[in-house]
Amino acid sequence: MIKEYKGLVNIMGPLILVEGVSGVKYEELVEIELPDKSKKNGKVLEVNGNKALVQVFEGTTGIDIERTKTRFLGHGIHIGVSKDMLGKVYNGFGKPKSEKDKIIPEENLDINGAPINPYARNYPNEFIQTGISTIDGLNTLVRGQKLPIFSGSGLPHNKMAAQIARQSTVLGKDEQFAVVFGAMGITFEEAQFFIDDFKKTGAITRSVLFLNLADDPAIERIATPRVALTSAEFLAFKHDMHVLVILTDMTNYCEALREISAARKEVPGRRGYPGYLYTDLSTIYERAGRIKGKKGSITLIPILTMPEDDKTHPIPDLTGYITEGQIILSRSLNRKKILPPVDILPSLSRLKDKGIGKGKTREDHADLFNQLYASYARGKEAEELAVILGESALTDMDKVYLKFAQDFELEYISQGDYENRTIEQTLNLGWRLLSIFPKEELKRIRDENIEKYYKKV
């Protein structure tokens, strides 16, 4: 039921305080009518007795304390969803960007969905091929997993996100696969890059894009990941689709959360972020997964830029606790033009063992990635030793490991933006790079796999 009130008690930055209200709910939508009959929209942030604190989406410029009318609409932010959303572009609230993006909704859903009950969860165990060797071969993505990408300002995470969205597929079965792409606080140029790239490659036909620009309201930024996940839940659990959700950039989301927290005069936590940042992030991340008895699934790749490349910053720190691993992008590899610059040694997919092996990828996969990790780590040690003592201080075998590390970066880690490698190609490339070593150095690979693949692929 719509309730209307005239006049305000106070205006504080993007917030207004309305007094004398009754029956108002937290997160209820609000319509604010200015004296000139123009309208703004807002959302209830706090209710205390007969007072309601409202965040105004478009800012409070032009609002008159005495003559402004406030209407409480009796419901939160909803989004109309349908399978026809695929191929369409929306803003951060789920409003169509153009006439051709409009749909006839099958359902109207509240964006504040609940995280999946742990008891109802099905364990992630099916391989998703992204076409990127550093993910497929070494940090395998599993259906229903939450695998974030930790990046830094200026690193090519947007290109990597677009590549994953274009290339990702479920192997071996004729199943429906969709991508829900949510971008928060990006520039107009970045938004246009995503739209053009998806349209040019045809990936738009199986994708839904939610784009919140840098000059859009902070409150829209907070709604965007929830709008994206609500759409993903509908496609996954109503239409049995396997949905990959990519959210970029979660740092912009957390900055918006901090901005609103400061406007509400809340007691700040670490680095000024609200004390409930962990809880808030978990309500987003924990909506991904698989549910017992349902065919569909939601796999989540949140992307965040670490302020000052600091892994201990609250955003990557708390994200790491909630999710199942991390892919870390390296500034030093980026300087060497190794793209995408995935730093594989600190990167980790905690569920990779569940998505590889016979019947999923190939029986040699686990042995191969263990050997590649070990050999690359030793090669990087030899590289550091050569910098300190000179290459003459290296043994003959150290030089082989050094050569392997260099080849590994140039051929395995580095690949083109539009180079889509199958898992077979990725595994065979790993074996070809390991062929530089004599058999006795491959201590992490079982004899039967050495017999079958060594110098034969």
Side-chain angles (χ1 to χ4, degrees), residues 115-116 124 128 130 132 134-136 138-165 167-168 179-186 194 210 221-222 224-226 228-229 232 243-257 270 273 277-290 297-331 333-334 340-352 354-355:
I116 298 173
I128 291 179
T130 64
I132 299 174
T134 44
I135 298 178
D136 295 348
L138 301 168
N139 296 290
T140 312
L141 182 63
V142 182
R143 192 189 293 175
Q145 185 176 4
K146 308 176 285 289
L147 185 63
I149 295 175
F150 290 1
S151 182
S153 181
L155 294 179
H157 47 270
N158 284 339
K159 286 187 176 179
M160 192 174 179
Q163 187 171 2
I164 291 169
Q167 298 177 175
S168 292
V179 175
V180 174
F181 191 91
M184 292 150 279
I186 60 172
F194 286 123
F210 296 97
R221 212 154 296 150
I222 286 173
T224 304
R226 292 175 171 85
L229 282 159
V243 185
L244 175 66
V245 180
I246 299 173
L247 299 176
T248 180
D249 173 346
M250 288 305 293
T251 300
N252 292 335
Y253 169 84
C254 295
E255 296 288 352
L257 206 63
R270 286 167 62 194
Y273 292 94
L277 181 62
Y278 178 86
T279 309
D280 192 278
L281 287 173
S282 69
T283 61
I284 294 173
Y285 297 148
E286 293 295 344
R287 288 172 72 174
R290 297 171 68 222
S297 64
I298 298 175
T299 307
L300 178 63
I301 299 182
I303 298 171
L304 56 93
T305 50
M306 299 179 288
E308 299 167 8
D309 295 354
D310 179 11
K311 286 198 285 268
T312 66
H313 186 278
I315 302 169
D317 188 30
L318 298 177
T319 295
Y321 281 120
I322 304 164
T323 54
E324 293 121 7
Q326 69 279 330
I327 307 281
I328 296 180
L329 302 191
S330 155
R331 207 169 284 283
L333 285 176
N334 189 56
V342 177
D343 192 352
I344 66 155
L345 295 177
S347 295
L348 170 70
S349 167
R350 292 193 186 100
L351 299 180
K352 65 178 174 234
K354 307 296 177 189

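Just the heavy atoms: all of them, side chains too, but no hydrogens, waters or symmetry mates, feed the values below. No experiment lies behind these values; they were computed from the predicted model shown.
- Considering CD1 of Ile303 and OG of Ser151, their distance stands at 8.0 Å, rounded to 0.5 Å.
- Minimum heavy-atom separation, Met306 to Pro316: CG-CG, 3.8 Å.
- Between Thr319 and Met250 the shortest side-chain heavy-atom distance does not fall below 4.5 Å.
- Considering all non-hydrogen atoms of both residues, Asn334 and Pro156 come closest at OD1-CD, 3.6 Å.
- A pairwise comparison of heavy atoms in Leu277 and Cys254 identifies CD1-SG, 3.8 Å as the closest pair.
- Although no hydrogens or angles enter the test, the distance criterion places a donor-acceptor pair under 3.5 Å between the side chain of Thr299 and the main chain of Gly144.
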Exercise for the section: Mind running side chain to side chain contact (heavy atoms under 4.5 Å, CB included) on Ile128 and Val142 for me, showing each step along the way? Expected result: CA-CA 6 Å; Ile128 291 179; Val142 182; over 6 Å; no

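- Under the side chain to side chain contact (heavy atoms under 4.5 Å, CB included) rule, Leu229 has a single partner from Thr283, Thr224, Ile284, which is Ile284.
- Note: Arg226 CZ to Tyr253 OH = 3.5 Å, rounded to the nearest 0.5 Å.
- Side-chain N or O atoms of Gln145 include one that pairs as donor or acceptor with a backbone N or O of Glu324 at under 3.5 Å.
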Exercise for the section: Start with the C-alpha distance between Met160 and Ile135, add both sets of side-chain angles, then the distance that settles side chain to side chain contact (heavy atoms under 4.5 Å, CB included), and finish with yes or no. Expected result: CA-CA 11 Å; Met160 192 174 179; Ile135 298 178; 3.8 Å; yes

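- In this structure, the separation between CG on Leu300 and CG on Leu147 is 9.5 Å, given to the nearest 0.5 Å.
- Residues Ile301 and Leu141 have side chains in contact (heavy-atom distance under 4.5 Å, counting atoms from C-beta outward).
- Residues that satisfy the side-chain hydrogen bond (donor to acceptor under 3.5 Å, both in side chains) test with Ser347, not counting sequence neighbours, are absent from this structure.
- Rounded to the nearest 0.5 Å, atoms CD1 (Ile164) and CD1 (Ile246) are 5.5 Å apart.
- Put simply, the side chain of Pro124 does not reach to within 4.5 Å of the side chain of Lys354, judged on heavy atoms.
- The salt bridge (charged side-chain N to carboxylate O under 4.0 Å, His left out) search around Arg350 returns none, not counting sequence neighbours.
- Of the inter-residue distances, the one linking Ile327 atom CD1 with Ile149 atom CD1 reads 6.5 Å to the nearest 0.5 angstrom.
- Every residue was checked against the side-chain hydrogen bond (donor to acceptor under 3.5 Å, both in side chains) condition with Thr323, not counting sequence neighbours, and none meets it.
- Glu286 pairs by the salt bridge (charged side-chain N to carboxylate O under 4.0 Å, His left out) definition with Arg121, Lys146, not counting sequence neighbours.
- Judged as a salt bridge (charged side-chain N to carboxylate O under 4.0 Å, His left out), and not counting sequence neighbours, Arg221 has no contacts.
- Every residue two or more places apart in sequence or in another chain that forms a side-chain hydrogen bond (donor to acceptor under 3.5 Å, both in side chains) with Ser297 is listed here: His242.
- Pairs passing the salt bridge (charged side-chain N to carboxylate O under 4.0 Å, His left out) check and including a residue from residues 246-255, sequence neighbours excluded, read Glu255-Arg258.
- Not a single ring pair (Phe, Tyr, Trp, His ring centres under 6.0 Å) links Phe150 to another residue, sequence neighbours left out.
- Scanning all heavy atoms of the two residues, the minimum distance from Ala161 to Phe181 falls at CB-CE1, 4.1 Å.
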Practice task
Report the C-alpha separation of Thr312 and Asp317 in whole Å, then their side-chain angles, then the decisive distance to 0.1 Å, and conclude whether the side chain to side chain contact (heavy atoms under 4.5 Å, CB included) test is met.
Solution key: CA-CA 5 Å; Thr312 66; Asp317 188 30; 5.7 Å; no

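- Under the rule for a ring pair (Phe, Tyr, Trp, His ring centres under 6.0 Å), Tyr285 has no partner lying at least two apart in sequence or in another chain.
- Every residue meeting the side-chain hydrogen bond (donor to acceptor under 3.5 Å, both in side chains) condition with Gln167, not counting sequence neighbours, appears here in chain and number order: Gln163.
- The distance from atom CG of Asn252 to atom CG of Leu247, rounded to the nearest 0.5 Å, is 12.0 Å.
- Ser349 places a side-chain N or O within donor-acceptor distance of the main-chain N or O of Thr140, the cut-off being under 3.5 Å.
- Considering only residues two or more places apart in sequence or on other chains, His313 meets the ring pair (Phe, Tyr, Trp, His ring centres under 6.0 Å) condition with Tyr273.
- Here the side chains of Ile328 and Val342 are not in contact, with every heavy-atom distance at 4.5 Å or above.
- For the salt bridge (charged side-chain N to carboxylate O under 4.0 Å, His left out) test, residues two or more places apart in sequence or in another chain that qualify with Asp309 are Arg331.
- The backbone N or O of Pro346 lies less than 3.5 Å from a partner atom in the side chain of Gln326, making a donor-acceptor pair.
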